[in-house]
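Worksheet: the structure to be examined is printed underneath.
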Amino acid sequence: MSRALDRLRDWKADTAVVLGSGLSALVPESRADKLSYSEFDALPRPAVLGHAGRFELARAGNRSVIYALGRVHLYEGYSAVDVTALIRLLSDVGVQRVVLTNAAGTLNPDVAPGAWMMLSDHLNLTGTTPLLGQLQFIDLSEAYSVRWRAEFRAQAKELRMSLHEGVYAGLLGPQYETPAEVRMLRTLGADAVGMSTVLETIQAKALGLEVAAFSCLTNSAAAVRYEALRHADVLTVGASAASPLAALLSATLARRF
Ligand code: HPA
């Protein structure tokens with residue numbers, strides 16, 4: 001086994017947090033160590049602006065947590081298996097529960113950019129799965145842990161943080177949606193739309209991990225409000241919205257559960 005893998009395993013984290021576009025500000029200030037993804041043969045390298053490609057080891061209370069800054073996406077040309085290598089590696093080093101974060105467009109006209117949504121469920125509209133060819137008929141009736149969601153909800157209330165809950169539609173990308181696609185997604189019951197997370201959740205559930213996920217609603221999806229969407233704006237809004245979720249994560253993860 002590689003030395004980098006040993007260092008990650010020695011941190012004895014049972015929880016990991018995967019950070020999406022522009023959300024690196026979610027890592028607590030005091031970190032014990034950093035490891036670049038390039039030290040791990042099993043991991044593809046992120047190429048998209050705003051995705052750093054490293055692990056940071058930090059504590060929430062007495063709990064050791066691995067923060068994974070950066071992920072790769074299907075739209076970069078990676079396969080569903082590549083996209084989920086990070087989740088398999090985290091499981092391999094002992095992680096049992098994972099918080100996935102992402103930037104997403106809101107499909108609800110009443111939600112302003114910068115708000116946070118905890119995922120209650122998802123629609124996998126990518127057309128693929130990391131389990132392709134494996135004949136693993138895993139149960140996804142509770143993709144996002146009911147128990148853990150209740151903890152986050154209660155903590156958000158205590159912190160007086162406004163936290164929406166809803167269904168995330170995961171699409172292939174990289175283009176943003178047309179107005180007709182946005183209308184379709186709302187008809188299908190989605191509250192937010194993005195280009196990540198769903199395959200990671202499927203892989204995590206297949207490995208028996210508990211999953212929670214949060215979308216930073218960085219913009220209104222097309223047709224909700226008519227404004228041109230730019231990746232740079234998604235990153236800026238994500239960075240400025242980070243602090244309430246950072247507080248929610250540290251407080252909830254620091255608790256015993
Ligand atoms: N659509 C898809 N993905 C996104 C969006 C969006 O509006 N915003 C951030 N990621």
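Indexing begins at 1, ligand by ligand and atom by atom, following the structure's order. Quick caveat, the model's predicted, so the values are computed rather than measured.
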Can you list the atoms of ligand 1 that are under 4.0 Å from a heavy atom of [X]?
X: Thr218; result: 8 (N), 9 (C)
X: Ala103; result: 9 (C), 10 (N)
X: Met195; result: 2 (C), 3 (N)
X: Val193; result: 1 (N), 2 (C), 3 (N), 4 (C), 5 (C), 6 (C)
X: Ala104; result: 5 (C), 8 (N), 9 (C), 10 (N)

Practice problem: Compute the shortest N/O to N/O distance between Glu177 and ligand 1 and return yes if it is under 3.5 Å, no if not. | Solution: yes

Quiz prompt | Within-cut-off N or O pair, Ser220 and ligand 1, under 3.5 Å | solution = no

Quiz item: Will you find, in the side chains of Thr106 and Asn108, an N or O donor that is under 3.5 Å from an N or O acceptor?
Solution: no

Quiz item: Any side-chain donor-acceptor pair under 3.5 Å between Ser120 and Glu165?
Solution: no

Quiz item: When you measure from the side chain of Arg97 to the backbone N and O of Thr15, does any donor-acceptor pair fall under 3.5 Å?
Solution: no

Quiz item: Do side-chain atoms of Arg63 reach the backbone of Arg255 as a donor and acceptor pair under 3.5 angstrom?
Solution: yes

Quiz item: Just heavy atoms, cut-off under 4.0 Å: does Asn219 contact ligand 1 by side chain, backbone, both, or neither?
Solution: side chain

Quiz item: Does Arg59 count as lying over the ring of Trp11, i.e. NZ or CZ under 6.0 Å from the six-ring centre, within 45 degrees of the axis?
Solution: yes

Quiz item: Which is it for Phe55 and Tyr37 under the ring pair (Phe, Tyr, Trp, His ring centres under 6.0 Å) test, yes or no, and what are the steps along the way?
Solution: CA-CA 7 Å; Phe55 294 109; Tyr37 286 0; 4.8 Å; yes

